[in-house]
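Heads up: the structure comes next, in structure tokens.
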Amino acid sequence: MAVAGGGITAAVASSDGSSGTPSPATESADAGFARDMATHHQQAVEMSYIVRDRTKDEEIRRLAYDIAQTQANQRGMLLGWLDLWELPKVPEGAPMEWMGMGDMPPGKDGALMPGMATNAELTKLRKLDGRAAEVRYLQLMVKHHKGGIHMAEGCVDRCEVKVERRLAQGMVDSQESEIELMTDLLKARGAKR
């Protein structure tokens, strides 16, 4: 599976023609987005696997699995591009600097970027079961997706690598659709976003 994912990443990256052009600079929007979204996606994967173990509801389990798989695959592409560009995977400065947000206050309790859950919220999610876990997961993931959409829109506006802009726009489209679905799932459980 990892070999296939790496091959896909290389094929997609080279389809942009980037193999014959200079790599983005480490402080570029392209590199910043790849680093920050990889971190952001990792938390979505973690939350999704937590809820899959905490509920028997097949609809929530399918949604969580889909989010985990999609974001893990996208994360692999982002980290693969950083490897191809021979750039560090960890930013030298603050998260979101590439969007002009490097001066935002540091995240509290492990929430490094907008939309990310705090360590306390993740700990609470791990302790919930059934409907309570479903509702909390959906609420956290709606917030998480909103932060991710904001970042992906930043790449659509600022990134120069065409395939990366395309991936970012796809993230916006799919996460907006998932927010609608999650809002409906919350309503069906008598809960609010």
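- Atom CG in L185 sits 4.5 Å away from atom CD in E59 (nearest 0.5 Å).
- The two residues H145 and M182 make their nearest non-hydrogen contact at CD2-CE, 3.5 Å.
- One hydrophobic cluster, built from ILVMFWY side chains closer than 4.5 Å, holds both M99 and M116.
- Minimum heavy-atom separation, L87 to A31: CD1-CB, 3.7 Å.
- A salt bridge is defined here as a Lys NZ or Arg NE, NH1 or NH2 lying under 4.0 Å from an Asp or Glu carboxylate O, and D83 with K89 meets this definition.
- One hydrophobic cluster, built from ILVMFWY side chains closer than 4.5 Å, holds both V163 and M151.
- Hydrophobic clustering of Ile, Leu, Val, Met, Phe, Trp and Tyr side chains at less than 4.5 Å, counting indirect connections, keeps I67 apart from M113.
- Between the CG atom in L78 and the CG atom in N73 there is a gap of 11.0 Å [rounded to 0.5 Å].
- Minimum interatomic distance between D30 and V161 (heavy atoms only, all atoms of both residues): OD1-N, 3.0 Å.
- Two residues are said to be in side-chain contact when any heavy atoms from C-beta on lie closer than 4.5 Å; E27 and E97 fail this criterion.
- Between A191 and Q139, the closest heavy-atom pair is CB-NE2, 4.4 Å.
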Report all side-chain donor-acceptor pairs from residues 36-45 shorter than 3.5 Å, counting only partners two or more places apart or in another chain.
| residue | atom | partner | partner atom | Å |
| --- | --- | --- | --- | --- |
| D36 | OD2 | M96 | N | 2.8 |
| D36 | OD2 | W98 | NE1 | 2.8 |
| T39 | OG1 | R35 | O | 3.3 |
| H40 | NE2 | P114 | O | 3.0 |
| H41 | ND1 | Q71 | OE1 | 3.0 |
| H41 | NE2 | Q74 | OE1 | 2.7 |
| Q42 | OE1 | R75 | NE | 3.3 |
| Q43 | OE1 | A117 | N | 2.8 |
| Q43 | OE1 | H144 | NE2 | 3.4 |
| Q43 | NE2 | A117 | O | 3.0 |

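- Here the NZ atom belonging to K56 is positioned 9.0 Å from the CG atom belonging to D129, to the nearest 0.5 angstrom.
- Closest of all the heavy-atom pairs between S48 and Y137 is OG-OH, 2.9 Å.
- The line from CZ of R62 to CG of D57 is 8.0 Å long, rounded to the nearest 0.5 Å.
- Counting only distance, with no hydrogens or angles, the side chain of R54 and the backbone of R126 share a donor-acceptor pair below 3.5 Å.
- By the side chain to side chain contact (heavy atoms under 4.5 Å, CB included) test, Q169 is found to be paired with V156, V172, D173, residues two or more places apart in sequence or in another chain being considered.
- A heavy-atom distance below 4.5 Å is found between the side chains of D66 and E178.
- A donor-acceptor pair is defined here as one N or O able to donate and one able to accept, closer than 3.5 Å; no such pair exists between the side chain of Q175 and the backbone of K146.
- At least one side-chain heavy atom of L138 sits less than 4.5 Å from a side-chain heavy atom of I60.
- Under the 4.5 Å side-chain heavy-atom criterion for Ile, Leu, Val, Met, Phe, Trp and Tyr, V135 and M141 are members of the same hydrophobic cluster.
- Salt-bridge check for E164 with R158: failed, with every basic side-chain N at 4.0 Å or more from each acidic carboxylate O.
- Of all heavy-atom pairs between A152 and F33, the closest is CA-CE1, 3.7 Å.
- Atom NZ of K124 has 12 or fewer neighbouring heavy atoms from other residues, nucleotides or ligands inside a 6.0 Å radius.
- Each of L125 and Y65 belongs to its own hydrophobic cluster when Ile, Leu, Val, Met, Phe, Trp and Tyr are linked at side-chain heavy-atom distances under 4.5 angstrom.
- The residues E58 and R61 are annotated as salt-bridged, a charged nitrogen and a carboxylate oxygen being separated by less than 4.0 angstrom.
- Side-chain N or O atoms of T55 include none that pairs as donor or acceptor with a backbone N or O of V51 at under 3.5 Å.
- Panel note: side chain R52, backbone A64; no donor-acceptor pair is recorded below 3.5 Å.
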